[in-house]
Protein chains: 4
Amino acid sequence: MARIKQTDRQQILDQTRRRLLEAAADEFARAGFSDANINTISIAAGFSKGTIYNYFPSKRALLLALVDEIALQHIAFIQEQVLLESDPLLRLERFYQAGFDFVTASLPRARILFNLINGSDEKFKAYVFIAYQPMFNFVANEILARGVEQGQFRLVEPAPTAMLLMTIYLGTASQRNDEGQAWLDPAQVSALVLHGLQK
Amino acid sequence: MARIKQTDRQQILDQTRRRLLEAAADEFARAGFSDANINTISIAAGFSKGTIYNYFPSKRALLLALVDEIALQHIAFIQEQVLLESDPLLRLERFYQAGFDFVTASLPRARILFNLINGSDEKFKAYVFIAYQPMFNFVANEILARGVEQGQFRLVEPAPTAMLLMTIYLGTASQRNDEGQAWLDPAQVSALVLHGLQK
Amino acid sequence: MARIKQTDRQQILDQTRRRLLEAAADEFARAGFSDANINTISIAAGFSKGTIYNYFPSKRALLLALVDEIALQHIAFIQEQVLLESDPLLRLERFYQAGFDFVTASLPRARILFNLINGSDEKFKAYVFIAYQPMFNFVANEILARGVEQGQFRLVEPAPTAMLLMTIYLGTASQRNDEGQAWLDPAQVSALVLHGLQK
Amino acid sequence: MARIKQTDRQQILDQTRRRLLEAAADEFARAGFSDANINTISIAAGFSKGTIYNYFPSKRALLLALVDEIALQHIAFIQEQVLLESDPLLRLERFYQAGFDFVTASLPRARILFNLINGSDEKFKAYVFIAYQPMFNFVANEILARGVEQGQFRLVEPAPTAMLLMTIYLGTASQRNDEGQAWLDPAQVSALVLHGLQK
DNA sequence: TATGAATGAGAGTTCATTCAT
DNA sequence: AATGAATGAACTCTCATTCAT
């Protein structure tokens, strides 16, 4: 009995936390960190202002928790897609395709990410890079290093090149019109990158 | 006599405006629009709070005035550099080189630009794009269209491709370490882009 | 239980609102709208500055809420007193007596009213007239029209004459010395008005 | 020669002062003391901000100088009109007629007066009453005392009754519609007052 | 005499955060 | 666990006043 109750309680806690994070994502995407409003978030989540502070110690911590979540989802989604292919060239194409798909599907969350990376708060920026470290490593090892080994890519240094690919991804995928459609086509971007990487 | 006085006064006005814009550039770069502090700006410029409002009607107007100034300098600098070459391929290289140089030389101003473009305030974003329209046109006409005409580039559509080049430029040039050094090399970026554009 | 809590909370809300309005009445009476200080009001009410904005969206809205309250009290008090008599002549006397009594008892609130009516903000003025419409109607119908019907008053038009009586009331009752005593005697005023209305 | 120059200079000074006072009258009438804007006044007068402070030591002093001027004009106009008649009854009618005429002709200045009298600044109020002392005396002596002596008025005390007449005048004459037309007719008001004063 | 750039105290308002319930 | 009334520091913006020219 007690254990069941315990479980129920945990579920309620998780669900509240989830709703708060969802609402926070929308608000942070809409307004950025400084202009995001804690009250707006709590109301959108269906709770009152105080509840947020039962789950997150501060507005800043709320955003960081959201970054963690976004990074996990983002990395998992891209890895999953990329690993469907084994050829490094196809993996690269998949990488851009999956990246654009992720941004399309999760535009508010992606916007938060881009805002933070190109924003002026260095602490946020550093936090994001740490959270995305697995993705950098994945691109470097599973796409670039393999392509170089197999002789499909020029002899590039995996680490800085991974950064280049990521930067191009973020820069191109983030440009959207009012309906959320990308200005650029991922195939166009990966074609361009592939030309650059091939011998 | 009267004319001299008039001139003096105008010079003082211009100089004050200049110092305010310089200080504003630093502060907006450091903190972004919302967290930038009017008081900090005026103190840094050597004036008191109220003086800003003798020159700009609001914090927002101050930033927009700065955007105008940055865009003019930015566009002029890049055009000047690019036009030193006549070959479209070399022009493209110059474009990235000049772009990276501009960011290096005017990092705070470039940061403001990137923040606005990737930020959440749609009005700021629209304003920036209008201010940079001449640059888009320049890239489309003086680099891409010429390269296509002369058979050096694939048959790309100048307008969206100009946007792609700009996006890649902004995305790559803006990534800097703490000392302001670019993570990426402009030659690397233009090589990649060139590979993508060539037949 | 829950209902009691609910009630308690509502009582606290009402009480805070009440204290804010009381303090606001004193401050607006002392200084007029423009020179009234939000901080002074909240401190006098025993709260901090921000609390006012949990109850009223702006300084202006605070004053308008106060006007609503004053008008309701004012009208109710005068109607109650006037309706103690049925003879229109006696009603007129009661009207001035009650009016002067109201001003004596609620001098700060009355001052706010007079300030607004004779002030330069047309929006405030219009708001006050709308709030006092019931009083104009009451004087026109329950005093003047009846007196004319019963042949005690000259054949005057009720509406503009009601305005005249109100104007004389406001003009005379508002003149007070430092101790809040009226310069004029309401009996004197109503005698004068009665002479003017009788055949 | 020197004396002529001196005269010219004095004329310029007087004219500037005059234009400043005219502009100040409009602005104080429009907005009341607190919301009146020194810059608006100086621009309307065709001068710059600083000039006001060459003529008046402060915004407050500017208003007081204006009050002096208004009172002098006001009193002179009413005395002149009233003294055209010798019969106290006709003088009383003239008093209200002239009063309403003055307000009609000098609405901004009259508004300033009414605002101050019914406003919340006690110092302004006291200043106005001192400036209008000659008018109170004039009404008491030249209208009321004479009417009582000649047996046309009831045996009223001149001083408080003068105050009553003035208060009624100010209260009634100040109510104007958007085109500046009085809500009430001065004949109506003086008829009412006369009924009250006659035996 | 007239100017207007500079000042800076002070205003209303916002909002992340606290905490008693 | 959830609430929301209260807080008060911080913010942008206003404007009467000063003073060097």
(message) Does a side-chain N or O of D:T16 approach OP1 or OP2 of E:dA2 to a distance below 4.0 Å, or not?
(response) yes

(message) Applying a 4.0 Å non-hydrogen cut-off, can you work out what B:F56 is touching in the nucleic acid: base, sugar-phosphate, or nothing?
(response) nothing

(request) Please figure out whether C:S34 or D:S48 has its closest DNA chain E nucleotide nearer the 5' end. (result) D:S48

(request) Starting from P on E:dG12, measure out to OH on C:Y55 and report it in whole angstrom. (result) 20 Å

(request) Write down the partner of F:dT14 under the Watson-Crick or G-U wobble criteria, each distance required to be under 3.5 Å. (result) E:dA9

(message) Between C:K59 and B:N54, which residue's closest nucleotide on DNA chain E lies nearer the 5′ terminus?
(response) B:N54

(message) With a 4.0 Å limit, can you tell me whether D:T51 has a side-chain N or O closer than that to the phosphate oxygens OP1/OP2 of E:dA2?
(response) no

(message) Tell me the interatomic distance from B:L63, atom CG, to F:dT12, atom P, rounded to whole angstroms.
(response) 13 Å

(request) Find the partner of F:dA6: check Watson-Crick (N1-N3 plus N6-O4 or O6-N4) and G-U wobble (N1-O2, O6-N3) distances, both under 3.5 Å, and reply none if neither fits. (result) E:dT17

(message) For B:D121, is there an ion pair with B:R60 - N to carboxylate O distance below 4.0 angstrom?
(response) yes

(request) Tell me which of B:I38 and C:L13 sits closer to the 5' end of DNA chain F, going by the nucleotide each one is nearest to. (result) C:L13

(request) Under 4.0 Å between any heavy atoms, over every strand shown, what does C:A36 touch: base, sugar-phosphate, or nothing? Just pick one. (result) sugar-phosphate

(request) Send over the distance from D:I43 CD1 to E:dA2 P, rounded to a whole Å. (result) 16 Å

(message) Could you tell me how far apart A:D35 (CG) and E:dT14 (C1') are, to the nearest whole angstrom?
(response) 11 Å

(message) Distance check needed: E:dA16 C1' versus A:F47 CZ, whole Å only.
(response) 20 Å

(message) Please give me the minimum heavy-atom distance between C:L66 and C:L21, naming the atom from each residue.
(response) CD1-O, 3.6 Å

(message) Taking the side chain as everything from C-beta on, heavy atoms only, tell me whether A:F28 gets closer than 4.5 Å to A:N115.
(response) no

(request) Whole angstrom is fine here: how far is it from CZ in A:F33 over to C1' in E:dA16? (result) 9 Å

(message) Please determine whether a side-chain nitrogen of the Lys or Arg among C:E122 and C:K125 lies less than 4.0 Å from a carboxylate oxygen of the Asp or Glu.
(response) yes

(message) Can you work out whether B:Y53 or C:K49 has the more 5'-proximal nearest nucleotide on DNA chain F?
(response) C:K49

(request) Specify the separation, in whole Å, of atom CZ of D:R60 and atom P of F:dT17. (result) 10 Å

(request) Answer yes when B:R109 and B:E22 have at least one side-chain N-carboxylate O distance shorter than 4.0 Å, and no when they do not. (result) yes

(request) Give a yes/no on whether any side-chain N or O of D:N37 is located under 4.0 angstrom from OP1 or OP2 of F:dA16. (result) yes

(request) Mind calculating the distance between CZ (B:R17) and P (E:dG4) to the nearest angstrom? (result) 18 Å

